[in-house]
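Here's the structure we're looking at; comments come further down.
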Protein chains: 2
Amino acid sequence: MSTTQRWLRGAFHELSPAECRALLAKKSVGRIAFWTAEGPSVLPVNYVVDDAGEIRFRTSPYASIAQYAGGAAVAFQVDEVDDFTQSGWSVMARGVAEVVLGARSKPEPEPWPDGVRSVQIRVRPESLTGRRVLGH
Amino acid sequence: MSTTQRWLRGAFHELSPAECRALLAKKSVGRIAFWTAEGPSVLPVNYVVDDAGEIRFRTSPYASIAQYAGGAAVAFQVDEVDDFTQSGWSVMARGVAEVVLGARSKPEPEPWPDGVRSVQIRVRPESLTGRRVLGH
């Protein structure tokens, strides 16, 4: 380990937009944060990033995501953390969530839960930020 | 596997408040969602649950969490997901985040990043909800 790497241990390091895009494309489950009548909500969803770099997932028309996130400013977050080494990274995309009617993305997101998941939501990242921390 | 368990595969199952409390106490990293001037934010933090069942973590006085979350309605979320079996659970606590001055919790949260993390934040869960999904 070089002096530079030792120096960075325990410190936050900002990720570049290219690193954020690569990490976002690599994961399959993220969390969407949106505002509801009962306050803020954070829910995990499985998603895909389409050819245009947009985040897409499907949900039930009766879910709170469909009810509140459509047309609203949301944050979409992915991370990976390791308790043992106390290391990890987190990437957050901010944008407006839109309900997609008709048009389908490639690849198509396949929700884990069964049942009617007929609402497709897409989030075009307007900002993409991330950081990592190295353990002690 | 019984018929009942097969029936539940791929279906959401709501978790009881006791299950939510147990899962929240078991994890060490969660995500706090709060509103900033730039829109919603979701950031991972390492935390402890104190004897009173409150979520506590430390942050820098210059962090966006310290700037925006204090006194605000927030959501605190933990989860565990398994891509291979497409199974997982998620627990969300909602409450008002408070900046703690002076008084210390037991155990004391120890932030992973170095540097001045002198602001302790506490969230008393006003609502605690969770669900799990079993894979296919």
Side-chain angles (χ1 to χ4, degrees), chain A residues 7-13 27-36 38-46 60 63-64 69 72-96 110-115 126-127 129 131-136, chain B residues 7-13 27-36 38-46 60 63-64 69 72-96 110-115 126-127 129 131-136:
Chain A
W7 178 250
L8 286 173
R9 291 172 93 191
F12 277 128
H13 172 78
K27 300 288 283 185
S28 61
V29 176
R31 295 156 206 94
I32 182 164
F34 55 100
W35 203 267
T36 75
E38 288 83 38
S41 252
V42 189
L43 292 174
V45 292
N46 63 307
S60 157
S64 62
V74 303
F76 191 87
Q77 188 260 2
V78 292
D79 62 33
E80 217 165 271
V81 292
D82 177 7
D83 281 3
F84 181 64
T85 59
Q86 300 196 337
S87 303
W89 58 262
S90 175
V91 167
M92 179 173 67
R94 280 195 182 122
V96 172
E110 281 302 327
W112 292 358
D114 283 341
E126 286 159 20
S127 83
T129 53
R131 57 192 193 173
R132 65 172 165 77
V133 61
L134 290 176
H136 291 271
Chain B
W7 178 250
L8 286 174
R9 291 172 92 190
F12 277 127
H13 172 78
K27 298 289 283 184
S28 62
V29 176
R31 294 156 207 95
I32 182 164
F34 55 101
W35 203 267
T36 75
E38 288 82 39
S41 251
V42 189
L43 291 174
V45 292
N46 63 307
S60 157
S64 62
V74 302
F76 192 88
Q77 188 260 2
V78 292
D79 62 33
E80 217 166 271
V81 291
D82 177 7
D83 281 2
F84 181 66
T85 59
Q86 302 197 335
S87 303
W89 58 263
S90 175
V91 167
M92 179 172 67
R94 280 195 182 121
V96 173
E110 281 303 327
W112 292 359
D114 284 340
E126 285 158 21
S127 84
T129 53
R131 57 193 192 172
R132 65 171 165 81
V133 61
L134 292 177
H136 289 272

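Lettering of chains follows the sequences in order, A, B, ..., and the numbering in each one begins at 1.
Between Pro40(A) and Met92(B), the shortest heavy-atom distance links the atoms O-SD, 4.2 Å. Here the shortest heavy-atom pairing between Asp83(B) and Ser28(A) reads OD2-OG, 2.9 Å.
In this structure, Asp79(B) CG and Arg31(A) CZ are separated by 4.0 Å, a value rounded to the nearest 0.5 Å.
With contacts defined as side-chain heavy-atom distances shorter than 4.5 Å, the pair Arg94(A)/Thr36(B) qualifies.
Chain A forms the most heavy-atom pairs under 4.5 Å with one residue out of Ser41(B), Gly39(B), Ala33(B), and that residue is Ser41(B).
Considering only residues two or more places apart in sequence or on other chains, Glu126(A) meets the side-chain hydrogen bond (donor to acceptor under 3.5 Å, both in side chains) condition with none of them. Residues satisfying the salt bridge (Lys or Arg N to Asp or Glu O under 4.0 Å) criterion with Glu38(B), sequence neighbours excluded, are absent altogether.
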